Each structure stands twice: as C-alpha cells, then as structure tokens.
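It should be emphasised that the depicted structure is a prediction, and the values quoted were computed from it without experimental measurement. Sequence lines set the chain letters: A, B, ... in the order given, protein chains first and strands last, and positions in each chain run from 1. Hydrogens, waters and symmetry mates are skipped; everything else that's a heavy atom, side chains included, is used.
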Amino acid sequence: MNPIDELLTRGVTQAIDQENLRRRAAAGAPLRIKLGIDPTGPLLHLGRAVPLLKLRAFQDLGHLPVIVIGDFTGRIGDASDKDAERRMLSREEVEANMAGYMAQIGRILDMDRVEVTYNSDWLGTMSFEEVAHLANHFSVAEMLDRDNFSKRFQEGKRISLREFLYPLMQGYDSVAVRADVELGGNDQLFNLLAGRTIQRAYGQPPQDVITFGMLEGTDGRKMSTTYGNIIAMADPPEEQFGRVMRLKDELIIPYFELTTRVELGRVTELRAALLSGMNPMEAKLVLAEEIVTLYHGLDQARTAREQFLKVFRQRELPDEIPEIQLPPGDRTIQALLAEAALAPSRSEAGRLVRGGGVKVDGHVVAEVTQTVCIGATPLLVQVGRRRIARIIGSHG
RNA sequence: GGGGGGGUUCCCGAGUGGUCAAAGGGGGCAGACUGUAAAUCUGUUGGCUGACGCCUUCGAGGGUUCGAAUCCUUCCCCCCCCA
C-alpha cells in the first residue's frame, strides 16, 4: 500500500475532503496538520497516540504538525463534566504539564519539526463582539443536528450554551494556526467541521479533516483518563506490557492498526494467521512488544516480555522483586501487608488473606491471624500474581 | 417570575424512623478455569479490632427522637417544564 493510501485509510473513520486531501498530501508543498491537545490530565494514553501516530505519518511525508494546546478551552471547562470544582490552571502550570507531555509526544514525533501553540494566545483576547460574529455562522438547528446534542435534547437533558461555544473556539483555532488539515477522534467530527465553516468565514480555504475510531480501553469503554481504563505512554515497561496482554483478544488487530507503526501488510498477515488458528497470545506478545518499544525502546521491551512470560506463563517469580525494609519484629500478616503498602488497609489485607490471595515464601496464608517475623532473612510476600515484594528487617 | 423533580458508599442506582455500612448492576480486587486474555463460575468491595464489637459515611449545618440516609428547619448545588 502506498504511503498516501495508508495515510488516508489506516485507522481512519472519515477523511473529508478525501480527494482534496489526497491531492494536497501528494503535491509536495508542506501542509499544516493541526492537532488539539487538552492540558488537563497528567498523562497521555494510547488513545491520544492514535492521532499522534497519524501526525507522524504526515511528518514523514514532509508535512508540519501544528500542536494546539488547549490551555484556554481547557480553562473554560467542559460543561458536561460534573467536576465543576476543577480549578483553573495558570499558564505556568499548563506549561509545566506540557513539558511532561512533550517528552511523551517526542517518542512519536520528531520534535524538531513541530510547531507548538497555545490557544489562549488568540482566544484569551477575543472580544464579545468577535464571539458574536463567530456565533453568527451557526444556527441552533445546526447545533442540534449534532449527534450527542440531538440525543440529549430529545431526552430532555440539559445542554449548556457553553457547549455550543466549544466548536466555535476550536474552529477559530484552525483560523489562528491556518490549518490545512485537522485530526481528531470521531467524537470530534462536529468540532472539526466547524473549523471548516469558520475558516471560510475568515477567507481561508477550509481544512480537511481526518477522524479516527475511538480506542477501546481495558474495560471495553473508550479509553479515557476519567474512566481509569488507560494504558499510559509513561507507564513503566513491565506494567505497560502487562496491560496490553490483559486486553481482550478481539482488540489485537485494532490496536496494531491504531497504536503501532507496524506495516499494514504485516497486520494483515497477523489477522489471517489469527483466523487460521494462531494462538492469540503470540500475536498479543508481538503487540505488547511493539507498543513498549515505541515508548521505552527495544531493550526494555524485550526485558518486559521475558519477565511477563516468566511470571505469567511459567508461574515463576520475576527477576526483579522490590525489597521493602520494615522495622524488625513479629506482626500479623494483616498488619504486615498494610505496613508494606501491599494492601491499602488492614481490612483489605484481611479480605485478601481470607480470599486465598496471599502467599508467604510460596505458601498460601490461611489465617488472618498468622504471625510473621521480619528479620534479617528476607520474606517473600505475594499478593495475587502482580504484587510481590521481599520484606526485610531494618532499623531506621 | 411560577410550577415540578433531585443531591446515597468508586460509578449508576434502590432505600422514606430501628432488621442500613445501606438492595441490585457496573467497575475494581482475589480465587478457579485459561500456554495471555476474554467469557464463565466463586468470594470480596468504608476504617479499626484476634474476636464480641466500636468508629466514620447517605450535599452542608442545626433540630426532633431511646434511635435518622429516612422526620423538621436553614443553607448550598443540580435538572426539567411554563413565562
């Protein structure tokens, strides 16, 4: 598949205007490819990687990623968010957050060829008059056409006017950065199209837009920080690897397409292999290794893979077991688990023991009241298969 | 401005004086099963205690009561409809 075709189809739900995009992407003149990033959450996750990888593909073809950090839109806050108490972030705080983001984004993009902008630069100084002019380009009926608005409207649920302003702000961003193309999840379609409308109003050629399917998270819903079902770019290698392995098998191919740079040909082969009986686990191991390699490098990925196989397939102990030092002496297993932070509370520790999930030196602990002695000899404590530590006595 | 409906444990949601740490579902955690998972089944899901039990929790404060998530009151917040 040629690069342009892949650009316009891989993981893509809609490409508008497809023909225009194809022509311009191939023409050679660098296009400005816009991607908005919300600075609120502390971590970027694999869902965010989807458009970033597409940006990278554009970058490889000589186009320029333009990242719009939504420090203004983020401050206004999403009206549907119940967490109304969320405080406004200062520009400094946003910049501090973004420094962390950039390191993560740098794993995917060549940061030497990226333009980074903050939308407070133009939205923050906009007058009410300008806002009114912007608003004039949309009718109420148009707004209510939007899927999630019409649905809520019909259900008699509240729609805040502020939500109507969102597309205007995001659309004006496109004017401000003179976007040729904007990327986003398919839940963003309306906002992306608003950009076209507003650009026309400002005498700019309308941007093309590309939308993606939503990446499913670890619990079946779309991946989102608020759902807590994310795989973070910054997760340590072992954890990232394990989380990928814990995805359900049906997600293997979508994940290959959306979250890795593995060639589509290879993905197609894997799909065929899976259909004809390949053990899904093998495919998932490849997937996990690819993902970890992207964020941590090949060596770390290999190590994570070995450890995973060791712990989960061979049921052995990992090579690296964290050591926890505690004051020496006797205590109940319940007290120990809480003290070593292997359980969040003593009550929870007690439940884990009763549920048969706790082992000391390889033996299941049967009684909550069992006493263990912390001394010079390290004690191997396991809670489930994932929480393991060696506990050793130490003064101070 | 008028009328109506709400705020419950991580989430959704039941509960209208004691049998409520609070149904049910989701999610989480643990166990079984699985050469990873998913699905399924089981257990568990506020804290402290070896245990009896005790403490904190049902928007916030005050009150009634032997006893309140449930009644009264003030306040805060949210939603819908009509104007």
- [ ] Hey, can you tell me if A:Phe58 and A:His63 have their rings parallel, tilted or perpendicular (30° and 60° cut-offs)?
- [x] perpendicular

Task: d(CG, A:Leu247; C1', B:A37) in whole Å - done: 8 Å

TODO: Rounded to whole angstrom, note down the C1' distance from B:G17 over to B:A69.
DONE: 11 Å

Task: Pairwise C1' distance for B:U9 and B:U44, with rounding to whole Å - done: 15 Å

TODO: Using both distances under 3.5 Å as the test, list the Watson-Crick or G-U wobble partner of B:C41, or none.
DONE: B:G31

TODO: For B:G50 versus B:U45, give the span between their C1' atoms, rounded off to a whole number of Å.
DONE: 22 Å

- [ ] For B:G1, give its Watson-Crick or G-U wobble partner with both distances under 3.5 Å, or none.
- [x] B:C82

Task: P-based separation of B:G26 from B:C41 [nearest Å] - done: 10 Å

Open item on the list: Need to verify one output field. Residue with the more 5' nearest nucleotide on RNA chain B, A:Ser345 or A:Phe308?
Closed with: A:Phe308

- [ ] Return the value, rounded to whole Å, for the distance between atom CD of A:Gln334 and atom P of B:G47.
- [x] 11 Å

Open item on the list: Quick one: does any side-chain atom of A:Asp361 pair with a main-chain N or O of A:Leu380 as donor and acceptor, under 3.5 Å?
Closed with: yes

- [ ] Have a look at A:Leu52 and tell me which of A:Met233, A:Gln104, A:Arg107 forms a side chain to side chain contact (heavy atoms under 4.5 Å, CB included) with it.
- [x] A:Met233

Open item on the list: Could you tell me how far apart A:Arg351 (CZ) and B:U45 (P) are, to the nearest whole angstrom?
Closed with: 5 Å

Open item on the list: When the C1' atoms of B:C33 and B:G67 are compared, how many Å lie between them, rounded to an integer?
Closed with: 49 Å

TODO: Would you mind reporting whether A:Ile16 and A:Leu189 have side-chain heavy atoms less than 4.5 Å apart?
DONE: yes

Open item on the list: Distance criterion of 3.5 Å, no angle test: do you see the side chain of A:Asn279 paired donor-to-acceptor with the base of B:U36?
Closed with: no

- [ ] Answer with base, sugar-phosphate or nothing: what part of the nucleic acid does A:Thr369 contact at a heavy-atom distance below 4.0 Å?
- [x] sugar-phosphate

- [ ] Report yes if some heavy atom in the side chain of A:Arg261 is under 4.5 Å from a heavy atom in the side chain of A:Leu53; otherwise report no.
- [x] yes

Open item on the list: Both distances below 3.5 Å, Watson-Crick or wobble geometry, any strand: find the nucleotide opposite B:C10.
Closed with: B:G26

Open item on the list: Only pairs with both distances under 3.5 Å count, Watson-Crick or wobble alike; so what is the partner of B:G50 in this structure?
Closed with: none

Open item on the list: Tell me the interatomic distance from A:Glu339, atom CD, to B:C48, atom P, rounded to whole angstroms.
Closed with: 13 Å

Task: Set of salt bridge (charged side-chain N to carboxylate O under 4.0 Å, His left out) partners for A:Asp173, sequence neighbours left out - done: none

Open item on the list: Whole angstroms only, please: what is the CZ-C1' distance between A:Arg354 and B:G43?
Closed with: 12 Å

Open item on the list: Measuring from atom CD1 of A:Ile391 to atom CG of A:Leu342, what distance do you get when rounded to the nearest 0.5 angstrom?
Closed with: 5.5 Å

Task: B:G18 and B:G4, which share atom name P, separated by this distance in whole Å - done: 28 Å

- [ ] Identify which one of A:Arg196, A:Lys34, A:Arg24 satisfies the salt bridge (charged side-chain N to carboxylate O under 4.0 Å, His left out) criterion when paired with A:Asp180.
- [x] A:Arg24

Open item on the list: I need the CE-P distance between A:Met281 and B:G35, as an integer number of Å.
Closed with: 9 Å

Task: Separation of the P atoms in B:C72 and B:C79, to the nearest angstrom - done: 25 Å

Task: Nearest-Å distance for atom pair CG/P, residues A:Asn229 and B:C11 - done: 16 Å

Task: Phosphate OP1/OP2 of B:U49: any A:Ser347 side-chain N/O under 4.0 Å - done: no

Task: Atom pair distance, as rounded to whole Å: CD in A:Glu282 and C1' in B:U36 - done: 9 Å

Set out, line by line, the N/O atom pairs under 3.5 Å between protein and nucleotides 26-33 of chain B.
from  : atom 1 : to       : atom 2 : distance (Å)
B:C29 : O3'    : A:Arg387 : NH2    : 3.1
B:A30 : O2'    : A:Gly355 : O      : 3.4
B:A30 : O2'    : A:Gly357 : N      : 3.4

Task: Rounded distance in Å between the P positions of B:U73 and B:U64 - done: 15 Å

Task: Shared-cluster residues of A:Val292, by chain and number - hydrophobic side chains joined below 4.5 Å - done: A:Phe241, A:Met245, A:Met281, A:Leu285, A:Phe308, A:Leu309, A:Val311, A:Phe312

Task: Residue A:Arg313, side-chain atoms from C-beta onward, closest of B:G35, B:U44, B:G50 - done: B:G35

